[in-house]
Amino acid sequence: GSWLLDPFSDVNIAVVAPAADTGTYDGAGVFSPNQNTALVDNGRISTALQSGNVTITTDNATTPGTQVGNITVTGPVTRDSGGAATTFKLLPSPTGTITVSATGSISGSGGNPLNVNLAAAGGLVSVSAPITTYGGTFLSTGTTFTNAAGGAITTAGGTLTINQTGFVTISDNLSSSGGDISITGVGVTIPAAKIVNSGAGALSVNAGAGLLTTNATSYLLTTGTATLTADTMTLDAAGQIGGTGAGAGTATTAILQPST
């Protein structure tokens with residue numbers, strides 16, 4: 001169910017005992033913090049995801065708090081049973097950010113896929129720990145997006161969508177094993193030695209009116225259709241568009257086009 005947290009109170013999903021949650025739960029699964037920088041037990045969320053969807057949100061206009069409404073994940077969230085996919089959604093306040101810290105991995109497990117939705121309407125999204133959906137989907141929205149070193153995102157067949165209104169930096173690998181990958185921002189950069197691999201799925205990178213940059217040995221891999229869209233592109237000669245790996249395979253179709 002939806003866990004509705006008072007708006008503009010920052011929230012930390014952390015490794016804490018349930019008794020250390022700084023708030024109260026009602027019978028409908030609503031968490032109400034009793035202080036700023038509220039703590040939510042990561043284990044409680046992991047258990048709830050086994051049988052249903054969980055939304056953590058600070059976007060509640062009825063009882064404003066005194067903070068921005070950022071959401072930070074510092075403790076791992078793992079769905080390790082339950083079968084058919086459930087969804088873990090983070091929905092901060094209109095200007096709130098989402099940070100998945102280096103200790104805050106998010107994961108399904110074999111036979112227990114997890115859809116992950118990082119829905120920061122007017123704030124940035126930063127991922128520094130692995131997100132692994134085991135066939136579930138991944139979706140990010142917001143302003144800028146960065147997955148730092150250590151923040152690989154793997155969907156194993158699920159679609160992988162990054163749809164931002166600002167700059168996108170892919171600093172660790174993205175892999176979907178056949179699910180479509182779509183990356184949209186106003187400017188996109190793929191640093192050196194990073195790989196975006198959709199397998200047989202379609203691969204789309206759209207930098208809009210910004211600059212699309214690949215760097216040495218950064219690979220955009222697909223055996224399906226690769227579509228690169230930007231008003232300006234700088235594609236490193238040591239990189240690769242299409243295929244299955246360094247110097248191997250090809251895309252069925254490769255399209256390079258301006259956004260306007």
Side-chain angles (χ1 to χ4, degrees), residues 100 105-108 110 113-116 118 125 127-141 144-164 167-208 210-259:
V100 180
S105 61
I106 300 172
S107 181
L114 180 64
N115 301 322
V116 177
L118 307 182
V125 175
V127 176
S128 298
I131 296 179
T132 310
T133 70
Y134 284 86
T137 61
F138 174 84
L139 172 63
S140 172
T141 56
T144 61
F145 175 94
T146 301
N147 69 320
I153 301 171
T154 306
T155 62
T159 58
L160 195 164
T161 305
I162 298 169
N163 187 9
Q164 311 297 124
F167 199 83
V168 173
T169 303
I170 306 300
S171 294
D172 208 328
N173 298 338
L174 307 180
S175 174
S176 66
S177 299
D180 292 348
I181 295 180
S182 176
I183 302 169
T184 301
V186 182
V188 176
T189 188
I190 315 292
K194 303 308 174 188
I195 299 172
V196 178
N197 189 348
S198 64
L203 173 59
S204 172
V205 182
N206 187 341
L211 173 65
L212 170 57
T213 304
T214 66
N215 290 278
T217 63
S218 61
Y219 298 153
L220 300 176
L221 301 178
T222 178
T223 58
T225 298
T227 304
L228 307 186
T229 304
D231 284 354
T232 306
M233 298 185 194
T234 302
L235 306 179
D236 193 278
Q240 182 173 317
I241 310 299
T244 57
T250 61
T252 301
T253 305
I255 301 169
L256 279 67
Q257 62 188 11
S259 68

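These values consider heavy atoms only, across backbone and side chains, with no hydrogens, waters or symmetry-generated copies. All values derive from a computational prediction rather than experimental measurement.
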Chemist: Please set out all donor-acceptor pairs under 3.5 angstrom arising from side-chain atoms of residues 188-206, sequence neighbours excluded.
Modeler:
{"residue": "N197", "atom": "OD1", "partner": "G199", "partner atom": "N", "Å": "2.8"}
{"residue": "S198", "atom": "OG", "partner": "G201", "partner atom": "O", "Å": "2.7"}
{"residue": "S198", "atom": "OG", "partner": "T222", "partner atom": "OG1", "Å": "3.2"}
{"residue": "N206", "atom": "OD1", "partner": "G208", "partner atom": "N", "Å": "2.8"}

Chemist: Can you tell me how far apart CZ (F138) and CD1 (I131) are? Round to the nearest 0.5 Å.
Modeler: 4.5 Å
Chemist: Of all the heavy-atom pairs spanning P113 and G135, show the shortest one and how long it is.
Modeler: CB-C, 4.0 Å
Chemist: Counting N and O atoms only, with roles assigned by atom type, does the side chain of T252 sit under 3.5 Å from a partner on the main chain of T223, one being a donor and the other an acceptor?
Modeler: yes
Chemist: Roughly how far apart are N173 CG and T154 OG1, rounded to 0.5 Å?
Modeler: 8.0 Å
Chemist: Return the set of residues passing side chain to side chain donor-acceptor pair (under 3.5 Å) with S182 (not counting sequence neighbours), or none when no residue passes.
Modeler: none
Chemist: Determine yes or no for a side-chain-to-main-chain donor-acceptor pair under 3.5 angstrom, with T133 supplying the side chain and T155 the backbone.
Modeler: yes
Chemist: Rounded to the nearest 0.5 Å, what separation is found between the CG atom of D172 and the OG atom of S128?
Modeler: 9.5 Å
Chemist: Can you list everything that forms a side chain to side chain donor-acceptor pair (under 3.5 Å) with S140? Sequence neighbours excluded, please.
Modeler: Q164
Chemist: With side chain to side chain contact (heavy atoms under 4.5 Å, CB included) as the test, pick out the partner of F145 among I170, T169, N163, T184.
Modeler: I170
Chemist: Going by atom type alone, with no hydrogens or angles, which donor-acceptor pairs under 3.5 Å involve a side-chain atom of residues 226-234 and a protein atom two or more places apart or on another chain?
Modeler:
{"residue": "T229", "atom": "OG1", "partner": "Q257", "partner atom": "NE2", "Å": "3.0"}
{"residue": "D231", "atom": "OD1", "partner": "S259", "partner atom": "N", "Å": "3.0"}
{"residue": "D231", "atom": "OD1", "partner": "S259", "partner atom": "OG", "Å": "2.6"}
{"residue": "D231", "atom": "OD1", "partner": "T260", "partner atom": "N", "Å": "3.4"}
{"residue": "D231", "atom": "OD1", "partner": "T260", "partner atom": "OG1", "Å": "3.4"}
{"residue": "D231", "atom": "OD2", "partner": "S259", "partner atom": "OG", "Å": "3.4"}

Chemist: If you apply the rule side chain to side chain contact (heavy atoms under 4.5 Å, CB included), what do you find for I183 with L174, and how did you get there?
Modeler: CA-CA 10 Å; I183 302 169; L174 307 180; 3.8 Å; yes
Chemist: Quick one: closest heavy-atom pair of Y134 and S107, and the distance?
Modeler: CE1-OG, 3.5 Å
Chemist: Under the criterion side chain to side chain contact (heavy atoms under 4.5 Å, CB included), I'd like the reasoning laid out for L118 against V127: C-alpha separation, chi angles, the key distance, then a yes or no.
Modeler: CA-CA 10 Å; L118 307 182; V127 176; 4.1 Å; yes
Chemist: Determine whether V100 and I106 make a side-chain contact, defined as any pair of heavy atoms from C-beta on separated by less than 4.5 Å.
Modeler: yes
Chemist: If I take atom OG1 from residue T159 and atom CG from residue D180, how far apart are they, to the nearest 0.5 angstrom?
Modeler: 7.5 Å
Chemist: I'd like to check the side chain to side chain contact (heavy atoms under 4.5 Å, CB included) partners of T253; sequence neighbours left out, ordered by chain and number.
Modeler: T225, I255
Chemist: Give every donor-acceptor pair under 3.5 Å between a side-chain atom in residues 238-250 and any protein atom, sequence neighbours left out.
Modeler:
{"residue": "Q240", "atom": "OE1", "partner": "G247", "partner atom": "N", "Å": "2.8"}
{"residue": "Q240", "atom": "NE2", "partner": "G242", "partner atom": "O", "Å": "2.8"}
{"residue": "Q240", "atom": "NE2", "partner": "G245", "partner atom": "O", "Å": "2.8"}

Chemist: Looking only at heavy atoms, what is the nearest atom pair of D236 and T214, with distance?
Modeler: N-OG1, 3.0 Å
